[in-house]
Amino acid sequence: MKHWGRNIPAYLQISALRMHVAYTYRANVAVELAGLLLKVYLLKMVFVAVYAGRGTVDGIALHEVITFVTIANLQVFLLIPVIGGYVRERVREGQVALDLARPVPFLSQLLAHQVGATASAVPFVVLALPCAVLLGGIQAPQSPMAGLLYVVSLALGYLVAMLMGLIIGLMAFWTMELGGVLTIYAFANQFFGGALVPLWFFPPLLRRLADLLPFQTQTFIPLSMYTGQLLGAQAVQALALQLFWVVALFGLAWLLWQRAIYRVVIQGG
């Protein structure tokens, strides 16, 4: 890591190659976005039916909920942890030995792949945004301060998503297959992150469980700031919680990596 600055050109190249892969299979990305827009529309219809003409439920206005789930699902699309699937393929095919032999640190290579995947998804999301507004609904941030807090919180949420993807990817050194893990992660991330149902509406026991997990840091916390539900001291506490998860997940990823190195030696590359 001490030569990180010197390796920036290599990281940019890795990210660019990842973007090239995404654009090569752009038809697949378009189909995934179509499915996402359908989900946004169906969620809107569900909440419209739940509200049944009432302006608010538990102090939350319908337009806030629709804005929340619309942006939340767009965010989930951007934060998909591609690292997990990438490491699985490299380990299973034995190509990870080449990755480890490169002068650029392996963990940094993985993070560059994730950045490239996210960057490649941004244009697709921008193109899909007008459709998301029509099928779902998006309102401006509750205030300029809410918008600023959202940007800061989203950046921390992105770091959490990257680190969780890294942790899942490193599990491939033990399991060799991550299909089931990635499926569970995708559901847990959307459910406990609030992308399907905002945590405001969770029953007490389920809400306490969600508060103990890192998933809310990626979706619920940033969008609670966007809609103005988290401001002032509560916003500061939420940002501190996100920072805690960034540090904790980084430490866990580093520990897993130290053990994974020995797994590579045992497997013979």
Side-chain angles (χ1 to χ4, degrees), residues 36 39-40 42-77 79-81 84 136-137 142 146 149-150 153-154 156-165 167-168 171 178-253:
L36 182 147
K39 182 168 66 171
V40 165
L42 293 176
L43 285 171
K44 174 185 176 180
M45 292 298 98
V46 167
F47 281 107
V48 167
V50 168
Y51 270 69
R54 291 172 290 179
T56 62
V57 171
D58 292 338
I60 308 297
L62 176 60
H63 66 83
E64 292 180 354
V65 176
I66 293 176
T67 294
F68 187 104
V69 297
T70 300
I71 300 179
N73 283 279
L74 292 174
Q75 282 186 195
V76 168
F77 183 83
L79 301 184
I80 294 175
Q142 193 266 346
L149 288 171
Y150 168 73
S153 182
L154 181 61
L156 290 172
Y158 182 61
L159 291 177
V160 171
M162 290 180 68
L163 290 168
M164 293 190 73
I167 290 169
I168 293 172
M171 292 173 60
L178 295 173
V181 175
L182 289 171
T183 299
I184 293 173
Y185 171 82
F187 173 75
N189 186 44
Q190 293 186 51
F191 183 75
F192 288 107
L196 301 178
V197 179
L199 303 191
W200 303 314
F201 304 124
F202 274 30
L205 182 60
L206 201 57
R207 177 60 188 274
R208 285 196 291 271
L209 176 60
D211 288 340
L212 295 175
L213 299 173
F215 303 111
Q216 64 168 325
T217 61
Q218 300 180 45
T219 304
F220 181 72
I221 290 179
L223 285 169
S224 292
M225 296 182 183
Y226 184 97
T227 58
Q229 296 295 322
L230 277 178
L231 292 172
Q234 289 183 324
V236 173
Q237 292 176 359
L239 291 173
L241 177 62
Q242 288 182 293
L243 186 59
F244 163 79
W245 277 113
V246 169
V247 174
L249 291 172
F250 177 83
L252 178 58

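Note that CZ of F215 and CD1 of I221 are 13.0 Å apart. Values are rounded to the nearest 0.5 Å. In this structure, CG in L43 is found 6.5 Å from CZ in F47, a value given to the nearest 0.5 Å. A distance of 11.5 Å separates CD of E64 from CG of L223, quoted to the nearest 0.5 Å. Expressed to the nearest 0.5 Å, how far CZ of F192 lies from CG of L209 amounts to 4.5 Å. Atom CG of L62 is separated from atom OG1 of T67 by 9.0 Å, given to the nearest 0.5 angstrom. Here the straight-line distance linking atom CG of L178 with atom CD1 of I184 works out to 11.0 Å at 0.5 Å rounding.
In terms of heavy atoms, L199 sits closest to A210 at CD1-CB, 4.0 Å. Across all their heavy atoms, P81 and G165 have their closest contact at CB-CA, 3.5 Å. Heavy atoms only, all atoms of each residue included: L149 and A235 are closest at CD1-CB, 3.9 Å.
With contacts defined as side-chain heavy-atom distances shorter than 4.5 Å, the pair I60/Q229 qualifies. Residues F220 and F68 form a side-chain contact, since some pair of their non-hydrogen atoms from C-beta on lies under 4.5 Å apart. Under the 4.5 Å side-chain criterion, counting only non-hydrogen atoms from C-beta, V246 is not in contact with T217. Under the 4.5 Å side-chain criterion, counting only non-hydrogen atoms from C-beta, L230 is in contact with M225. For the pair Q142/L231, a side-chain contact is recorded, criterion being any heavy-atom separation below 4.5 Å from C-beta on. By the 4.5 Å heavy-atom criterion applied to side chains, Y150 and I71 are counted as neighbours. Between F201 and V50 the shortest side-chain heavy-atom distance does not fall below 4.5 Å. Here the side chains of L252 and I167 are in contact, with some heavy-atom distance below 4.5 Å.
Of the listed residues (V160, L213, L159, L163), just one forms a side-chain contact (heavy atoms from CB on, under 4.5 Å) with W245, and that residue is V160.
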Between T219 and Q190, is the side-chain contact (heavy atoms from CB on, under 4.5 Å) condition met? List the steps.
CA-CA 8 Å; T219 304; Q190 293 186 51; over 6 Å; no

Pair V69-K44, side-chain contact (heavy atoms from CB on, under 4.5 Å): steps then yes or no
CA-CA 8 Å; V69 297; K44 174 185 176 180; 5.8 Å; no

Please evaluate residues D58 and W200 with respect to the criterion side-chain contact (heavy atoms from CB on, under 4.5 Å), reporting the C-alpha separation (whole Å), side-chain torsions for both, the decisive distance (0.1 Å), and the verdict.
CA-CA 8 Å; D58 292 338; W200 303 314; over 6 Å; no

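A donor-acceptor contact shorter than 3.5 Å is absent between the side chain of Q218 and the backbone of G193.
Residues passing the side-chain hydrogen bond (donor to acceptor under 3.5 Å, both in side chains) test with Q242, sequence neighbours excluded: S153.
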